[in-house]
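Bear in mind that the values here come from a model prediction, so they are computed numbers and not experimental data. The first residue of the sequence shown is numbered 1, and numbering continues consecutively from there. All heavy atoms count here, side chains included; hydrogens, waters and symmetry mates do not.
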Amino acid sequence: MKVVIVGGVAGGATAAARIRRLDEQAEIVVFERSGYISYANCGLPYYIGDTITDPEALTLQTPESFFSRFRIAMKVHHEVTAIHPERKTVTVTNLETGDVFEESYDKLLLSPGAKPTQPRVPGVGLEHVFTLRTVEDTFAIKEFIEEHNPRSAVLAGGGFIGLELAENLRELGMEVTIVQRPKQLMNPFDPDMAAFIHHEARKHGIRLALGHTVEGFEETDDGVKVLLKGEEPLQADMVVLAIGVTPDTALAKEAGLELGLKDSIVVNDRMETSAPDVFAVGDAVQVKHFVTGADTLIPLAGPANRQGRIAADNICGGDSRYRGSLGSSIIKVFDLTAASTGLNEGAARKAGLEVDKVILSPMNHAGYYPGGKSMIMKVVFEKDTFRLLGAQIVGHEGVDKRIDVLATAIFNGMLATELQQLDLAYAPPYSSAKDPVNMAGFMAENIREGALKQWFLEDLGKLPRDGSVTLLDVRTPGEYGRGHVEGFRNIPVDELRDRIDELEAGKPVYVMCQSGLRSYIACRILAGLGFDAYNFAGGYRYFETVTNDQRLINEAAGTPTPLDQATTPCGATA
């Protein structure tokens, strides 16, 4: 059997090694148009920022090492320019010599990946305007920085690459601005959770120009001018385009393969394309979202590696199936870690699902053990059924552990209420006896049993201010004095029973505290005394971060603040 693989890196290189492990006699040829067949593309921003200093550390395998271990012919600087399914050959150009030839195959695997999305605006391609996708791109940016010592950079796009690069350029001492058409960074997160990412970026000197559209670039004597729609242009020494990626599927399209979203390659769960004996994996393929079953694009290294393994199994006569993508992801943002899995709230509602959620701020480990820090967790589940749909966490240590537990729970069809039953490892330096994941389960169970009724930030503007409801803040007087929501009166939770006569019977009570715990206790006290009480999800710390973020975004965009976010915390700072 002869297998030809187009493209290396995650999917192609993984498939090649797996095929060899399954079939020692197979002839395997990999064509890669760049000079690198297996590299750590997720580590590229960290090489630019000098966190990774050895360029060879980016290269996971070389053609020589691959051949030595696997006897696989890795042909770098070879570009496949055409696929001929009818005669089972591909046309290849040797980019070093210009020679063109045809290569036959019994099985063909396409792993072309994705290419940086190029906006159709004037100035793309200027000397000071870069993209970051390959090792060659990385070296070009690194060389420019070392030769020209730029003092400022504008990054068009606020996804994984844009945010990671922003951090690394900032660590080099550069002034960094991120321009993003949507009014938030990191689309896998809901806007309220993205607010914590925004806060961390601003705290470290990143300027966020959210809700702005890049219309072009102009070269100037001292760098490049970034033209913005309806705004004054930005001046920078360099620009990096990081507005996303597009499936690199021109070959598949010309060969007549079935295409899907954004011209991605349509595959079945065996990673087979519409052409016989042609498989495809990685960022170029359309997959099913694990939660909804809908067609989607999820260009991440983890799924690409698994797809490569599955395709290899099937090429070698097996029957492996890809069950879909959750889109689990994680990113370092200066001193924070942000992670997500499954559907966020917005995506779940867009998919037509009836959604509920819990928002909590647990400590990463036991509170009595030194060094504990809080994280903010948002767990989204289907109303009534309590089926887990997704989760987002922003915090410090322990974020990765919790998001992986939640991803595993979603993959195995667990209910939000069942999270309370998970038997998770505990020791004071690492967790609490009630792990944050367990706590989310306790909250979901309380909702199901009617012991917890919630109200949310989006409800704030709808709360009556005519005296028909009671608005109650149960923090200490000191906390209340440092900042509170207008209209909320202060009775500390520990004084509530003794001061219950100050609340008018029969009126619903909307309760708030710093993190949501004391307000929940207050709600249980109130419910036990005959009041209809609702707990604010997330607490005042969450409220303050989200509303301040929205205010800053709206001020920068010149748009009014929505009513439900118009209340400014007393004593709050931007």
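In this structure, the separation between OG on Ser34 and CG on Leu95 is 10.0 Å, given to the nearest 0.5 Å.
A salt bridge links Arg33 with Asp248: at least one charged nitrogen is closer than 4.0 Å to a carboxylate oxygen. Lys383 has no carboxylate O lying under 4.0 Å from a charged side-chain N of Asp356, or vice versa, which leaves the two without a salt bridge. Salt bridge present: Asp277 and Lys107 bring a charged side-chain N and a carboxylate O closer than 4.0 Å. Look at Arg323 and Asp269 and you find no salt bridge, because none of the NZ, NE, NH1 or NH2 atoms lies under 4.0 Å from a carboxylate O. A salt bridge is absent between Glu167 and Arg170: the closest approach of a Lys/Arg side-chain nitrogen to an acidic carboxylate oxygen does not fall below 4.0 angstrom. Comment: Arg402 engages Asp435 in a salt bridge, judged by a side-chain N to carboxylate O separation of less than 4.0 angstrom.
Cation-pi contact between Arg71 and Phe67: present, with separation from the ring centre below 6.0 Å and deviation from the ring axis of at most 45°.
In this structure, Val245 and Arg133 have side chains that are in contact, with non-hydrogen atoms separated by less than 4.5 Å. At a threshold of 4.5 Å between non-hydrogen side-chain atoms, the residues Val358 and Met439 do not count as touching.
Side chains of Thr91 and Thr81: no donor on one and acceptor on the other come within 3.5 Å. For the residue pair Asp190 / Gln392, a side-chain donor-acceptor distance below 3.5 Å is found, with atom types taken as modelled. The closest side-chain donor-acceptor pair between Asp263 and Thr249, if any, does not fall under 3.5 angstrom.
Using cut-offs of 30° and 60° for the angle between ring planes, the Tyr47 and Phe139 rings count as perpendicular. Aromatic ring orientation, His204 versus Phe334: parallel (interplanar angle below 30°, classes split at 30° and 60°).
For His365, the ring-ring contact (aromatic ring centres under 6.0 Å, His included) partners two or more places apart in sequence, or in a different chain, are Tyr369. Contacts of Phe217 classified as ring-ring contact (aromatic ring centres under 6.0 Å, His included), with partners at least two apart in sequence or in another chain: none. Checked against ring-ring contact (aromatic ring centres under 6.0 Å, His included), Phe160 has no partners two or more places apart in sequence or in another chain.
Counting all heavy atoms, side chain and backbone alike, Gln286 lies closest to Leu261 at OE1-N, 2.8 Å.
Exactly one residue among Thr131, Asp137, Thr138 makes a side-chain hydrogen bond (donor to acceptor under 3.5 Å, both in side chains) with Thr134. That residue is Asp137.
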- [ ] Start with the C-alpha distance between Lys142 and Asp50, add both sets of side-chain angles, then the distance that settles salt bridge (charged side-chain N to carboxylate O under 4.0 Å, His left out), and finish with yes or no.
- [x] CA-CA 9 Å; Lys142 185 77 168 178; Asp50 286 340; 2.2 Å; yes

